[in-house]
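Notes for the one structure printed next.
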2 protein chains.
Amino acid sequence: MDSKFTPGVRPLYQQVYDYLLEQVAAGTWKLGAALPSEQALGQQLGVSQGTVRKALDELASIGVMERRQGKGTFVAVNSEERSLFRFFHLCTPGGDRVTPSATGEKVTRRTATAADMAHLGLAKNAKVIEIKRVRLIEQQPIIFETIIVPATMLAGLDKRKTLPNSLYSLYHSAFGINIGSVQEELRAALADKQDRDRLSVPIGSPLLHIDRIAFGIDGTRVEWRISRCSTAHHVYSIELS
Amino acid sequence: MDSKFTPGVRPLYQQVYDYLLEQVAAGTWKLGAALPSEQALGQQLGVSQGTVRKALDELASIGVMERRQGKGTFVAVNSEERSLFRFFHLCTPGGDRVTPSATGEKVTRRTATAADMAHLGLAKNAKVIEIKRVRLIEQQPIIFETIIVPATMLAGLDKRKTLPNSLYSLYHSAFGINIGSVQEELRAALADKQDRDRLSVPIGSPLLHIDRIAFGIDGTRVEWRISRCSTAHHVYSIELS
DNA sequence: AAGTGGTCTAGACCACGTC
DNA sequence: ACGTGGTCTAGACCACTTC
């Protein structure tokens, strides 16, 4: 069979990688389902088994696939859950994951402040959309979020009736913007009046203050997010290797 | 030339990987120096160029090597600095790295508490070594550390006259223990009397409290470290992708 | 025994950097 | 023109899983 791919433009194995990733996103295979063998995929796509292998190895390295010797290659069951928790690190002190919900959104459109411009690399008088919301864990208000995005990059975001729990999936599906990496800066802070009102904690109690810049795949600054978290019953947990 | 390596036991490319990593650690090549070409290494070591490539690719992926098409493979200039900063994340709000120093060590040997046992997976009545010290950034006390390790695993650590700034390099060189990963839990806390004495901050000021468990390559728990950090002028900075 | 991924080899050609 | 790493192929054999 002729190759489905155009050689020369981009490496074949990257095209195979992209193709397989699309198929997973499109739901061609269920979560946990086995893919065709390397040989079969190579014949289907008109490339050698080694090329398929390189693509699969990379997909396995980013957690989308799971490979088991003697059995096959599988769509990782975590590949959906991962996207939810990729950048969400609050969990119980034991290390168990918790699922947050969002409430009390307040969306406004305004001119960028000096801080907005600095964090998002915007020009003077640029417009931004600001979202303030509280995130709940087990019905308790735990995180007070302020989210600021360039209005031109996400035009119409402020017109939406509802916003999903996971904004990054909306950026992807509605605006074609993929968050590739984030830079976070964490500090300890004391709760002020606004924190007290939103999180029901006493003024002066300790809060974890997180400044996050989210970058698109191409490195553009997409979002500045300030999270003020009550860490009385949850912790920011991270594993480094 | 015969292979330097024993086939069958571990994959050849892993043996090549280990060998090259040793050479870098031993200083066979200077930082930034070019390695022999893939072909040359393959002939030296008695394996094929493809096997060397796989080892070099993995070393590049963990940041030890840097590969440039048309030029060669180089020892990454950051590979030494990286080890210092691999698990140290305090920096200036701008994102610039700062180098900490350590002072005022107090080393004691005692029986493990319930908390020690839980964090390090120890049996009852096990002995631990506890190190308390303050870390300075630009002469200012910023972090108050409490470090707890199993006394049997690092026997004689409490007898040493001096301790280096980077304990993990000591664990490696003196005890043959390599830290492979760490699990960190971050909270916001308020300064108590001990914090005030060590860090010269008012009681009740906000501190970033970090609980870290360090794991050896084989997954054993090697160290529990509590860091209480003043984040008035520095932040815990991390990049995720 | 048959099928899967894992390792290893050998050789071809391409893209990049240097001379 | 030459040497480097980057890509791609084809084929061999091994280790693991299932039947």
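Labels below follow one simple rule: chain letters A, B, ... track the order of the sequence lines, proteins then strands, and each chain is numbered from 1.
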Worksheet item: Base, sugar-phosphate alone, or nothing: which one does B:Arg68 contact when heavy atoms must sit under 4.0 Å apart?
Response: sugar-phosphate
Worksheet item: If you pin B:Lys71 and A:Lys54 to their nearest nucleotides in DNA chain D, which one's is more 5'?
Response: B:Lys71
Worksheet, complete the sentence: Residue pair A:Gln49/A:Gly70 against DNA chain D: nearer the 5' end by closest nucleotide is A:Gln49
Worksheet item: Separation of A:Tyr17 atom OH from D:dC8 atom P, in whole Å?
Response: 15 Å
Worksheet item: Any side-chain N or O of A:Arg67 less than 4.0 Å from the OP1 or OP2 oxygen of C:dG6?
Response: yes
Worksheet entry | Donor on one side chain, acceptor on other, B:Gln39 and B:Gln49, under 3.5 Å | no
Fill in: Stacked cation flag B:Arg68 on B:Phe74, 6.0 angstrom / 45 deg
yes
Worksheet item: Going by atom types alone, do B:Glu58 and B:Tyr13 pair a side-chain donor with an acceptor below 3.5 Å?
Response: no
Worksheet entry | A:Thr73 side chain near C:dG5 phosphate (N/O to OP1/OP2, under 4.0 Å) | yes
Worksheet entry | Presence of A:Thr51 side-chain N/O under 4.0 Å of D:dT7 phosphate oxygens OP1/OP2 | no
Worksheet item: So does B:Arg53 reach the base of D:dG5 with its side chain, donor to acceptor, closer than 3.5 Å?
Response: no
Item to complete: For B:Glu58 and C:dT7, give me the distance from atom CD to atom P, rounded to whole Å.
Response: 9 Å
Worksheet, complete the sentence: Atom CD of B:Gln14 and atom C1' of C:dT7 are separated, to the nearest Å, by 11 Å
Worksheet item: Does one side chain, of A:Glu184 or A:Tyr236, offer a donor that lies under 3.5 Å from an acceptor on the other?
Response: yes
Worksheet item: B:Gln43 CD to D:dG3 P: how many Å, rounded?
Response: 13 Å
